[in-house]
Amino acid sequence: MLILGIETSCDETGIALFDSKKGLLADALYSQIAVHAEYGGVVPELASRDHIRKTLPLVKQVFAEAGLTAQDLGGVAYTAGPGLAGALLVGAGIARSLAYGWDIPAIAVHHMEGHLLAPMLEDSPPEFPFVALLVSGGHTMLVKVEGIGQYRLLGDSLDDAAGEAFDKTAKMLGLAYPGGPAVAKLAEKGEMGKYTFPRPMCDRPGLDFSFSGLKTFTLNTLNKSDKAEQTKADIACAFETAVVETLAIKCRRALKETNSTRLVVAGGVSANTRLRQRLEAMVKKEKAQVYYPRLEFCTDNGAMIAFAGCQRLVAGQHENLEFHAKPRWDLESLAAV
């Protein structure tokens, strides 16, 4: 079955074609970084308008790249949530309209399920069951995964997600948007150990996350400093190290508590080099394995939505003509495949 995937949950328009037998055939991504950079963050209304402009041209582009037409399609998958309501409605409306016009089924996909399954697009995908760390600008969560749609939330972010903390720290340091890569790049110039920042919620049991206090600690440290460029680099290094260590500590706990030997790490922050290095060292010590999507599929993309939607459409699941955007959507509420 050939599936068209449409991702419009935030500030990236992702379109892909995935075949249940041949795999990923084509994908395209348009990033709105330039649109939102002058505001230092995503402006929801601008994001929605840009999705309207870019979605259909990208759909035509992936069909052309794959040498296929709409007549070859077996279904359409689209991100229904979580995300920005307006942006989600653009993708959902276009996807449902195309499916109706082409007389094929459509399926609403949970954005975080897409990220969670993104490593399945690789040549050596993880086997079920596994523990997944989903870490992005909007979410930081640990999930026990028994199969597609069989999810148990182990821990969640109580306030700022890790990616959000990176973005806010970037603003404090006077860095450009997007903040995560900018902080990581500055941190490379910092001296390890010059500052020691706390590892939030690691001194107590549990697998929840909280990064708002670390953000405040970073701001207070910066305000008390001389604000020299090297000092900012040292602070960025200390901040990044604290986030990475916190994530690694919680992942290790999750593996032990669930008696798991496989860890999947996905979402935008999973592209962070220092995080990957730290997790590689951790799983080696624990005699476990860690899996990531390729770098271009760490951030939002259409391929992960096409893949997730394909699994559900092949299993016979589909949506009726009514559709909804779900800015908040419980991952554990999904039906099993």
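In what follows, residues are counted from 1 in the order of the sequence shown.
Salt bridge present: Glu286 and Lys256 bring a charged side-chain N and a carboxylate O closer than 4.0 Å. Salt bridge Glu164/Lys168: present, at least one basic N to carboxylate O contact under 4.0 Å. A salt bridge is defined here as a Lys NZ or Arg NE, NH1 or NH2 lying under 4.0 Å from an Asp or Glu carboxylate O, and Arg49 with Glu45 meets this definition. Arg274 has a carboxylate O that lies under 4.0 Å from a charged side-chain N of Glu240, or vice versa, which qualifies the two as a salt bridge.
Taking a 6.0 Å sphere around NZ of Lys60, one finds it holds 12 or fewer heavy atoms contributed by other residues, nucleotides or ligands. Counting heavy atoms of neighbouring residues, nucleotides and ligands inside a 6.0 Å radius, atom CD of Gln71 does not exceed 12 of them. Heavy-atom contacts from other residues, nucleotides or ligands closer than 6.0 Å to OH of Tyr100 number 12 or fewer. Heavy atoms from other residues, nucleotides or ligands lying under 6.0 Å from CG of Asn223 number more than 12. Within 6.0 Å of CZ on Arg199 lie more than 12 heavy atoms contributed by other residues, nucleotides or ligands. Remark: Lys171 NZ is loosely packed, at most 12 non-hydrogen atoms of other residues, nucleotides or ligands lying under 6.0 Å away.
Here the CZ-CG distance, from Arg252 to Leu247, works out to 15.0 Å after rounding to the nearest 0.5 Å.
Using a distance-only test at 3.5 Å, with no hydrogens or angles considered, a donor-acceptor pair links the side chain of Ser20 to the main chain of Met1. The main-chain N or O of Lys227 is never found under 3.5 Å from a side-chain atom of Thr231 such that the two would form a donor-acceptor pair. Here the side chain of Ser260 pairs no donor or acceptor atom with the backbone of Arg262 at under 3.5 angstrom. Side-chain atoms of Asp159 come within 3.5 Å of backbone N or O of Phe211 as a donor-acceptor pair.
A heavy-atom distance below 4.5 Å is not found between the side chains of Leu116 and Val264. At a threshold of 4.5 Å between non-hydrogen side-chain atoms, the residues Leu222 and Lys232 count as touching.
Using a 3.5 Å distance cut-off with no hydrogens or angles, the side chains of His51 and Thr13 do pair a donor with an acceptor. If you check the side chains of Asp330 and His110, you find no donor sitting under 3.5 Å from an acceptor.
Of all heavy-atom pairs spanning Gly268 and Ser136, the tightest one is N-CB, 4.0 Å. When all heavy atoms are compared, the tightest approach of Gly137 to Ala161 is O-CB, 3.7 Å. Contact record, Leu313 with Gly75: CD1-CA, 4.1 Å, taken as the closest heavy-atom pair. Closest non-hydrogen pair, His318 versus Pro105, comes out as CB-CB, 3.8 Å. The heavy-atom pair separating Leu154 from Ala254 by the smallest distance is CD1-CB, 4.2 Å. For the residue pair Gly86 and Ser48, the shortest heavy atom distance occurs at C-OG, 3.2 Å.
The hydrophobic cluster around Leu158 extends to Met201, counting ILVMFWY residues whose side-chain heavy atoms fall within less than 4.5 Å of a member.
Taken together through direct or relayed side-chain contacts under 4.5 Å among Ile, Leu, Val, Met, Phe, Trp and Tyr, Tyr177 and Leu46 form parts of separate hydrophobic clusters. Under the 4.5 Å side-chain heavy-atom criterion for grouping Ile, Leu, Val, Met, Phe, Trp and Tyr, Ile305 is not connected to Leu89 through any hydrophobic cluster. Tracing side-chain contacts under 4.5 Å through hydrophobic residues (I, L, V, M, F, W, Y), one reaches Leu334 starting from Phe130; they form part of the same cluster. Hydrophobic cluster membership differs between Leu279 and Ile249, with clusters built from Ile, Leu, Val, Met, Phe, Trp and Tyr side chains linked at under 4.5 angstrom. With hydrophobic clusters built from ILVMFWY side chains whose heavy atoms lie under 4.5 angstrom apart, Leu121 does not share a cluster with Leu263.
Remark: aromatic rings of Phe239 and Phe166 are close, center separation under 6.0 Å.
Not counting sequence neighbours, Phe209 has no partner by the ring-ring contact (aromatic ring centres under 6.0 Å, His included) test.
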**Candidate pair Ser212 and Asp160, rule side chain to side chain donor-acceptor pair (under 3.5 Å), full reasoning** = CA-CA 5 Å; Ser212 64; Asp160 289 358; 5.5 Å; no

